[in-house]
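The block underneath contains the structure these notes are about, expressed in structure tokens.
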Amino acid sequence: MLNKSQIRYCLDIFESMYPDAECELNHTNPFELLVAVVLSAQATDALVNKVTPDLFAKYKRPEDYVNVPLEELQNDIKRIGLFRNKAKNIKKLSETLLEKYDGEVPPTKEQLESLAGVGRKTANVVASVAFDEPAIAVDTHVERVSKRLGICRWKDSVLEVEKTLMRKVPVDEWSVTHHRMIFFGRYHCKAQRPSCEECPLLSLCREGQKRMKKKEKTS
DNA sequence: AACTCGGGGCA
DNA sequence: TGCCCAGAGTT
């Protein structure tokens with residue numbers, strides 16, 4: 001397991017690699033962000049961004065999603081996967097916003113997570129990006145990077161990974177770190193064929209060391 | 001913990 | 001073709 005100064009080193013490398021990392025889902029207000037993040041589950045941001053311009057032109061407020069027939073909304077988002085459930089969730093979530101929150105998106109993680117189609121990850125993203133609340137959303141990239149480097153244990157659950165990161169990363173860097181680790185995981189520390197040879201963190205990376213040794217043997 | 005929903009992108 | 005993707009809900 002990495003100690004605090006080693007993790008500090010990782011965070012500084014992440015910053016030097018991706019200084020401006022931020023949420024890539026297009027949005028102009030919290031409600032649009034919430035809808036975009038719900039749509040982005042198991043889909044790429046690029047695909048979601050192709051759909052949202054037309055979608056947000058047609059649907060501006062929760063009422064618009066509540067009043068439209070389910071089939072019509074499903075058709076409007078069908079290019080994105082899992083559209084049947086996502087359409088239902090967005091309608092239900094919009095009803096909840098009107099009933100409980102005066103049509104506004106609530107700012108806390110707990111309130112967000114109680115909405116239909118919103119899990120811990122989505123709640124963390126919306127809270128941090130839209131409301132500047134400190135949060136670390138652990139997705140597959142963050143989980144993989146944390147485990148490979150040795151920031152957390154291999155067998156840790158997603159929730160344990162999040163807790164560990166919250167304990168070891170300064171709170172004012174939580175949100176930024178989340179996005180930087182996603183970039184690092186997506187473009188560098190990839191699930192398949194990570195480019196360990198050129199990695200600036202190789203010297204302290206548990207998995208990287210293992211992979212390099214393996215490569216020496218086979219070559 | 002495993003399973004399902006799911007079209008798009010890429011090799 | 002086959003495999004993966006910035007997940008959540010149900011069993």
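Letters go in sequence order (proteins before strands), and every chain restarts at 1. Computed from a predicted structure; not experimentally measured.
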Using the C1' atom as the reference point in each nucleotide, state the distance between C:dC3 and B:dG6 in Å, no decimals. 14 Å

DNA chain B contacts made by residues 25-54 of chain A, counting heavy atoms under 4.0 Å: A:Gln42, A:Leu47, A:Lys50

Using the C1' atoms only, state how far B:dG9 lies from C:dA8, rounded to an integer number of Å. 23 Å

In this structure, how many angstroms lie between the C1' atom of B:dG9 and the CZ atom of A:Arg186, rounded? 13 Å

Between A:Asn89 and A:Lys86, do the side chains contain an N or O donor and an N or O acceptor separated by less than 3.5 Å? no

Looking at every strand, decide which applies to A:Gln192 at a 4.0 Å heavy-atom threshold: base, sugar-phosphate, or nothing. sugar-phosphate

Kindly state which residues belonging to residues 113-150 of chain A come within less than 4.0 angstrom of DNA chain B, counting heavy atoms of the residue only, listed by number. none

Roughly how many Å apart are B:dC5 and C:dC5, using the C1' atom of each and rounding to a whole number? 14 Å

Report the hydrophobic cluster partners of A:Leu98, with the cluster defined as I, L, V, M, F, W, Y residues connected by side-chain heavy atoms closer than 4.5 angstrom, directly or transitively. A:Val66

Could you check whether atom CZ of A:Arg153 has more than 12 heavy atoms from other residues, nucleotides or ligands sitting under 6.0 Å from it? no

N-O pairing of A:Asp12 and A:Arg8 below 4.0 Å: yes

Taking the six-membered ring for Trp and the single ring otherwise, decide whether the centroids of A:Tyr65 and A:Phe31 are under 6.0 Å apart. yes

NZ (A:Lys91) and CG (A:Asp64) are apart, to the nearest 0.5 Å, by 10.5 Å

Does the structure place the NZ or CZ of A:Arg186 under 6.0 Å from the centre of the six-membered ring of A:Phe183, at an angle of no more than 45° from the ring's axis? yes

On DNA chain C, which is the earliest and which the latest nucleotide, 5' to 3', with an atom closer than 4.0 Å to a heavy atom of chain A? C:dC4 to C:dG9

Quote, to the nearest angstrom, the P distance that separates B:dC3 from C:dC4. 15 Å

Close residues, residues 75-100 of chain A, relative to DNA chain B [heavy-atom separation under 4.0 Å]: A:Lys78, A:Arg79, A:Gly81, A:Leu82, A:Phe83, A:Arg84, A:Asn85

Any chance the side chains of A:Thr177 and A:Glu173 put a donor and an acceptor closer than 3.5 Å? no

With rounding to whole Å, what would you report as the distance between B:dG8 and C:dG9 at their P atoms? 24 Å

Keeping the roles fixed (side chain from A:His178, backbone from A:Ala137), state whether a donor-acceptor pair exists under 3.5 Å. yes

Between A:Arg211 and A:Glu207, is there a salt bridge with N-O shorter than 4.0 Å? yes

Just checking A:Asp102: does its CG atom have more than 12 heavy atoms from other residues, nucleotides or ligands closer to it than 6.0 angstrom? no

Testing the 3.5 Å rule here: is there a donor-acceptor pair between the side chains of A:Glu99 and A:Thr96? no

With sequence neighbours excluded, give me every side-chain hydrogen bond (donor to acceptor under 3.5 Å, both in side chains) pair touching residues 36-48 of chain A. none

